[in-house]
Structures are given as structure tokens and as C-alpha cells.
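The residues of the chain are indexed from 1 along the displayed sequence. Bear in mind the structure is a predicted one, so any value in this text is a computation, not a measurement. Both ligands and their constituent atoms are indexed starting at 1 by order of listing. Only heavy atoms go into these numbers, but all of them, side chains included; no hydrogens, no water, no symmetry mates.
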Amino acid sequence: NIWMNILSYSLVTLMCHLLNVYGLIQHFHLDMVKLLRFLGMVQDDYHSHNPYHNALHAADVTQAMYCYLKESKLAELLSPTDVFLGLLAAAAHDVDHPGVNQPFLIKTGHHLASLYQNTSVLESHHWRSTVGMLRESGLLSHLPLCMRQDIEQQLGSLILATDISRQNEFLSTFREHLNHQSLDLHQAPHRHFILQIALKCADVCNPCREWNLSRQWSERVCEEFYRQGDIEKKFALEVSPLCNQQEDSVPSIQIGFISHIVEPLFEEWCRFTEPSPLSHTMMDLLQQNKTCWMGHAHLKEEEVDGGGENRGPVANP
Ligand SMILES: *[C@@H]1O[C@H](CO)[C@@H](O)[C@H](O)[C@H]1NC(C)=O
Ligand SMILES: *[C@@H]1O[C@H](CO)[C@@H](O)[C@H](O)[C@H]1NC(C)=O
Ligand SMILES: CC(=O)N[C@H]1CO[C@H](CO)[C@@H](O)[C@@H]1O
Ligand SMILES: [Zn+2]
């Protein structure tokens, strides 16, 4: 698939550009040959035949992350290490994604499910794969051991935050902080928490983009769900929520996803970044796109309202 390869090459190009713009290649004395080797490995480990979880999604999330790091509330307080970690985590957060979700891996007895004991199976794999590639490429081998260990740990904590089953945990902590104005971005742990939130936002920001783009991402993610459903049918397994093409329409999946995951998260992000033209634009697009999906959904009333409720949240953005 040549077209997909050209598109997914954007991950290496984008990362080199962003690291260069921030002066991070100089700051960390990165060797260009090792950097290109590392980024090339990350890109190649994304599955280009996944309709959604491919290197293009990684590039999309990295681009969004860059924009969020530039928010005026944040930009001047972030250290070079914060920015480096944020961009790296975004680029690698879904690496080697198999195109099926965690429940599928558990019920089919996949080795990753037993390796990670049925908990954050995919996210743990994305993290450990990234650490493996960092070490293999030697990208950070010139840095002191304690610094390398710190980078690996923080990368893990950022990538594991994208596990959507932990959404409520992060959202309520974020809300508490905002209600009590208790975030102090001069403190490294608080900045790390905001990086986790920013990455979570970037990972689910598809519905905050212009309709044309947003719609294509929606179709891709649903195509990936339906493919999983087809495999489940073929092997006489129970079809997972959202994966039945006959029952779960693209509009109904999107309305549930927006109402239960994206809207609550971006409402708080908007509050945190206030005043932010970007956040307001994203909230406007989100509302317009949601209305648009509701117009597309020739659904019974209760299906639109209860979309995600009885099906549970969308599994793996
Ligand atoms: C993971 O889930 C499978 C299937 O439900 C179960 O058989 C197995 O014991 C679980 N493993 C762990 C470590 O919980
Ligand atoms: C959206 O895509 C359609 C055709 O694919 C194009 O005609 C239209 O100009 C696009 N709209 C925007 C705002 O890019
Ligand atoms: C039908 C509808 O409201 N569509 C809107 C979806 O959002 C885009 C902006 O991204 C609007 O241009 C459309 O009009
Ligand atoms: Zn993702």
C-alpha cells in the first residue's frame, strides 16, 4: 500500500521537524543517525493495514499534542524534558497496535494478555515496545543512567494514561484540581499530570477537527471495529460492543463516543486553557459535528440518547 506508506512517513518528518523547532536535538545532544533510526523503527512498527491505529493516527495525535503544548497556560512553564516526553509519547503511544481491543486479546488468550495480566494490555505493550526501540537505537545512550530511567518511567506513565478505561479516574482528578485551583505548574508532578491529560485529549481529538477530517477518522475507527466483529463472527465468538456492522452504525458510535468521552474531557481542557482561541474553536467544531452526526443518524430516540450507555465507552481511541 504505497499511498499509506507515503502518508505514514509523515510521522518521522513531523517528529524531526518538531524536535528541531524546539531545539531539542541540540539540547539533548541527539545523534541524527540514531534519531532517524529510532523514529523509523517506531513508524515501521505501526501496522499500515489497520484502518485507524496506524502511523497516520500517531502523526495526527503528535500534531495535536504540539498545539496543546503551545497553549499560553502551559508553554512557558514546560521544561525541555516535558516537551520531549510529550512529543515522544504522542508519536509512540499506539505503536504495534494489533487492530483489535483488549477484551479481544483476553478472550482469545493472546500472549500479550497473559504477559500484562489482563490490565492495560495494549498500552503496556506500546510502552515496552517504545522502550525496546529507544534502547536498541541507542538514542539516549549518552545520557546518565538515572535520566534514561526517568525518561522511560515517565513515558510509561504518559502512554498508560491513554487507557480509556481509566478515563473517570483522570477526569475527576482534573476536575478537582480545577475546582480548587490547586494546580501548580512549577511543580514537575503537576506538569506531568497535565501532559497526561493533554495526551488523552490529543488521542481523542478527532471529533474536534473539521467535519471533512473528522468524518474520515470516524469511518476508519468504525471500520477497524467492524473488522474485529467479523473475526469474532468467523470464530463463533461473542461479537464485542460497537463491533457489529449490522447493529452499530457509524453515527451512533460517534454520538456515544462524543457524549461520553470527548465532550467531558474537552470541557475541562477548555476550562484549564482559558482563555484559549484553540479550545473554543475545538468546542465549536465538536458541537457542530455532533449535531451533524445526529442528523445522519436515522435512529430511534432512545438509541441516540442512550448510545454509549448500554454499550459502554468506545474501547480504544
Ligand atoms: C485473564 O483473563 C482470562 C480470561 O478471563 C483468565 O482466564 C485469566 O486467568 C486472567 N489472567 C489474569 C492474570 O487475571
Ligand atoms: C470537504 O470535502 C468536499 C469533497 O470531499 C469538498 O468539496 C469540500 O470543499 C471540503 N470542505 C472543506 C471545508 O474542506
Ligand atoms: C450538518 C452540520 O451541522 N455539519 C457541520 C459539521 O461541522 C462542520 C464544521 O466542522 C460544519 O461546517 C458543518 O456544517
Ligand atoms: Zn491512539
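Summary: OD2 is the N/O/S atom of Asp94 found nearest to the Zn ion (ligand 4). Nearest to the Zn ion (ligand 4), among the N, O or S atoms that Asp203 has, is OD1. Nearest N, O or S atom of His93 to the Zn ion (ligand 4): atom NE2.
Note: Leu87 CG to Leu19 CG = 6.0 Å, rounded to the nearest 0.5 Å. Atom OH in Tyr46 sits 7.5 Å away from atom NE2 in His126 (nearest 0.5 Å). Separation of atoms CG (Leu286) and CZ (Phe266) is listed at 8.0 Å; rounding is to 0.5 Å. Interatomic distance, Tyr22 OH to Leu78 CG, rounded to the nearest 0.5 Å: 7.0 Å. Going from atom OG of Ser157 over to atom CD of Glu152 covers 13.5 Å, rounded to the nearest 0.5 Å.
Contacts of Arg148 classified as salt bridge (charged side-chain N to carboxylate O under 4.0 Å, His left out), with partners at least two apart in sequence or in another chain: none.
Ring planes of Tyr52 and His57: tilted class, angle from 30 to 60°.
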Stepwise ring-ring contact (aromatic ring centres under 6.0 Å, His included) check, His111 with His125: CA-CA 11 Å; His111 74 275; His125 178 59; 7.6 Å; no
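For a distance bound of 2.8 Å, the N, O or S atoms of His97 include none lying that close to the Zn ion (ligand 4).
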Contacts table for ligand 1: protein N or O within a distance under 3.5 Å of ligand N or O, distances only.
{"residue": "ligand 1", "atom": "2 (O)", "partner": "Asn118", "partner atom": "ND2", "Å": "2.3"}
{"residue": "ligand 1", "atom": "11 (N)", "partner": "Asn118", "partner atom": "ND2", "Å": "3.0"}
{"residue": "ligand 1", "atom": "14 (O)", "partner": "Asn118", "partner atom": "ND2", "Å": "3.4"}

